[in-house]
Visitor: 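Quick one: the structure is below, and I'll ask about it shortly.
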Amino acid sequence: MPIDPTLAFRLREVVGAQVLVDPELVASYTADWTGRFRGHTAAVVFPASTEEAAGVVQVCRESGVAIVPQGGNTGLVGGGVPLHGEVVLNMGRLGGSEPVDRAGGQVTAGAGVTLAGIQEVAAESGWSYGVDFSSRASATTGGSVATNAGGIRVLRYGDTRAQLLGVEAVLGTGAVISHLAGLVKDNTGYDLSGLICGSEGTLAVVTRVRLRLVPPAPERAAALIALRNLDAALGTAAVLRRSLPQLEACEIIFTPGIDLVCSVFGLRRPFLRPSPVNLLIEVADRVDPTDILIEAIGSAEHVIDTIVATDSPRRAELWRYREELTAAINTLGPPHKLDVTLPTTSLAGFIDAVPDVVSTIEPTASTWLFGHVGDGNIHVNVTGLRTDDDRVDGAVFELVARLGGSISAEHGIGSAKRRWLHLSRSAAEQTAFRALKRALDPDGILNPHVLIPDA
Ligand code: MLT
Ligand code: ZN
């Protein structure tokens with residue numbers, strides 16, 4: 001789809017040469033990481049400042065052209081790619097962090113700084129950042145704020161919104177709001193930063209973020225625990241959460257997932273005796289937490305085997321069984337990623353039921369279950385389905401809703417789950433969503449095809 005020459009001219013007036021229009025060059029910005037969501041665009045634009053981002057939004061608004069804001073393109077629900085020919089507003093050039101406020105434990109960073117970049121800046125200044133997930137090298141702070149990203153440390157530090165002290169952002173009107181003073185107590189009306197966080201680019205384009213840092217906990221120990229069955233795993237997770245204030249991660253991995261990672265990446269199987277279900281946990285403190293970890297595991301029932309890792313390379317080896325799972329599953333073809341939360345009381349019932357729900361609809365499909373069990377978040381990945389066949393998605397979300405859960409724990413709604421938003425949000429809530437959208441983006445140019453279903 002060639003770009004309208006007037007639009008191209010006006011965009012170049014704002015960002016100079018930073019407009020890609022060549023179909024070969026734009027291709028990598030139009031498909032998501034999994035390969036499930038593929039779109040097209042006439043242009044990818046790379047602003048280098050808030051002013052340039054505002055200029056692009058203004059030009060698109062005047063031209064009646066929709067925009068998809070894009071960070072590291074690591075999203076998993078088709079929310080950051082131009083599925084309807086939108087212009088892509090890639091935020092990768094908005095890099096750079098200001099010096100860390102060492103006394104306050106805060107930092108302001110450009111939307112294009114990666115998660116790994118923020119973690120590094122925090123560590124260099126004697127602090128730590130509370131959010132972590134496996135796509136840390138590519139995912140950006142702007143994208144993680146726009147999607148309210150979760151990850152492996154939510155049970156200790158909360159999600160991205162819990163770290164957010166303010167944003168600078170361009171509204172759909174082209175107006176810029178900037179609230180970056182980082183005042184912890186700031187009770188002056190609507191929390192626009194909290195509202196923009198998780199709005200998936202539908203209300204504003206995030207250009208800078210003010211983040212809270214957390215005290216470092218440099219002494220770490222991880223354990224992979226093999227358990228007899230699901231009830232034992234969930235019971236152990238509960239015991240560990242209660243007995244270990246230092247608990248930073250508590251992940252569940254089923255043995256077929258570990259086997260898949262081992263076969264794709266040539267890793268050794270962790271245990272000689274096969275176990276159906278495993279927990280991967282990590283504790284972190286200022287003093288060595290290994291003894292406390294071992295004692296807590298010792299008090300758990302139905303443990304078949306445990307591997308404890310204290311030094312960094314051994315911990316990284318254990319984490320590979322969990323973090324390589326996403327890439328391993330992708331080798332089987334684009335998965336349907338159903339990221340859901342259940343109340344503690346329904347988690348076991350859901351995990352038991354979901355493979356049958358899938359196989360009843362598509363007997364040849366495979367169900368892969370894993371995730372952040374410490375906060376009730378299970379990732380249901382289904383392979384062997386056509387990318388556009390969403391019967392399984394719908395059936396799993398219906399089950400989640402019946403059991404009192406949410407159809408999105410941390411990935412967001414994007415375009416993938418939009419038509420099921422009613423399972424987690426009431427009609428009145430959706431009406432409020434639409435009113436907010438109209439107020440901040442009156443022409444509906446910001447990511448108009450994600451999150452909010454058409455009325
Ligand atoms: C993860 O925790 O690894 C991702 O959020 C889940 C996924 O890849 O489905
Ligand atoms: Zn996850």
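Both counts, for ligands and for their atoms, begin at 1 and track the order of listing.
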Visitor: Relative to the ring of His411, is the ring of His379 parallel (under 30°), tilted (30 to 60°) or perpendicular (over 60°)?
Guide: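 Because their plane-to-plane angle is under 30°, the rings of His379 and His411 count as parallel.
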
Visitor: May I ask you to check whether Glu362 and Thr364 show a side-chain donor-acceptor distance below 3.5 Å?
Guide: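 Present: a donor and an acceptor within the cut-off.
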
Visitor: Give a yes or no answer on whether the side chain of Asn90 reaches the backbone of Tyr29 with a donor-acceptor pair at less than 3.5 Å.
Guide: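 No: the side chain of Asn90 does not pair with the backbone of Tyr29.
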
Visitor: For N/O/S atoms only: which one belongs to Glu410 and is nearest the Zn ion (ligand 2)?
Guide: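 Going by distance to the Zn ion (ligand 2), the closest N, O or S atom in Glu410 is OE2.
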
Visitor: Between Glu200 and Asn148, is there a donor-acceptor pair closer than 3.5 Å when you use the side chain of the first and the backbone of the second?
Guide: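 Not at all, since once roles are kept as given, no pair shorter than 3.5 Å links the two residues.
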
Visitor: How is the N/O/S atom of His372 that comes nearest to the Zn ion (ligand 2) named?
Guide: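 It is NE2 of His372.
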
Visitor: Would you check if the side chain of Gln70 reaches a backbone N or O of Gly80 as a donor-acceptor pair within less than 3.5 Å?
Guide: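 A pair under 3.5 Å: yes.
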
Visitor: I'd like to know if the Zn ion (ligand 2) has an N/O/S atom from Asp339 within less than 2.8 Å of it, counting both backbone and side-chain atoms.
Guide: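 It does not: Asp339 brings no N, O or S atom closer than 2.8 Å to the Zn ion (ligand 2).
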
Visitor: So if I count the atoms of ligand 1 from 1 in the order they appear, which ones are less than 4.0 Å from some heavy atom of Lys337?
Guide: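 Here the atoms of ligand 1 in question are 7 (C), 8 (O), 9 (O).
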
Visitor: For Glu86 and His40, which I'm curious about, is there any donor-acceptor pair between the side chains at under 3.5 Å?
Guide: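 Side-chain D/A pair, Glu86 to His40: absent.
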
Visitor: Rounded to the nearest 0.5 Å, what's the gap from CG on Leu385 to OG1 on Thr367? Could you check?
Guide: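 Leu385 CG to Thr367 OG1: 8.5 Å, rounded to 0.5 Å.
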
Visitor: Are any of the heavy atoms in Phe370 under 4.0 Å away from ligand 1?
Guide: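 Yes, Phe370 has heavy atoms under 4.0 Å from ligand 1.
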
Visitor: With heavy-atom distances below 4.0 Å as the criterion, list the atoms of ligand 1 near Glu410.
Guide: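 That gives atoms 2 (O), 5 (O) of ligand 1.
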
Visitor: Could you list the atoms of ligand 1 found under 4.0 angstrom from a heavy atom of Thr326?
Guide: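 Listed by number with element, the hits are 3 (O), 7 (C), 8 (O).
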
Visitor: Please confirm if an N, O or S atom belonging to His379, backbone or side chain, lies less than 2.8 Å from the Zn ion (ligand 2).
Guide: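 Looking at His379, which is the residue asked about, there is an N, O or S atom under 2.8 Å from the Zn ion (ligand 2).
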
Visitor: Among Arg322, Arg314, Arg220, exactly one meets salt bridge (charged side-chain N to carboxylate O under 4.0 Å, His left out) together with Glu282. Which residue is that?
Guide: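 Only one of Arg322, Arg314, Arg220 forms a salt bridge (charged side-chain N to carboxylate O under 4.0 Å, His left out) with Glu282, namely Arg220.
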
Visitor: Strictly under 4.0 Å, does any heavy atom of Glu323 approach an atom of ligand 1?
Guide: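 It does not; every heavy atom stays at 4.0 Å or beyond.
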
Visitor: Within ligand 1, which atoms have a heavy atom of Arg322 less than 4.0 Å away?
Guide: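 The atoms of ligand 1 under 4.0 Å from a heavy atom of Arg322 are 1 (C), 2 (O), 3 (O).
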
Visitor: Do the side chain of Asp285 and the main chain of Pro218 share a donor and acceptor less than 3.5 angstrom apart?
Guide: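 Looks like no, no N/O pair under 3.5 Å.
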
Visitor: I need the atoms of ligand 1 closer than 4.0 Å to a non-hydrogen atom of His372, numbered in the order shown.
Guide: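 Answer for ligand 1: 2 (O).
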
Visitor: Counting only heavy atoms, which portion of Asn381 has something under 4.0 Å from ligand 1: side chain, backbone, both, or neither?
Guide: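 Asn381 to ligand 1: side-chain contact only, backbone stays beyond 4.0 Å.
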
Visitor: List ligand 1 atoms under 4.0 Å from His411, heavy atoms only on the residue side.
Guide: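 Every atom of ligand 1 under 4.0 Å from some heavy atom of His411: 4 (C), 5 (O), 6 (C), 7 (C), 9 (O).
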
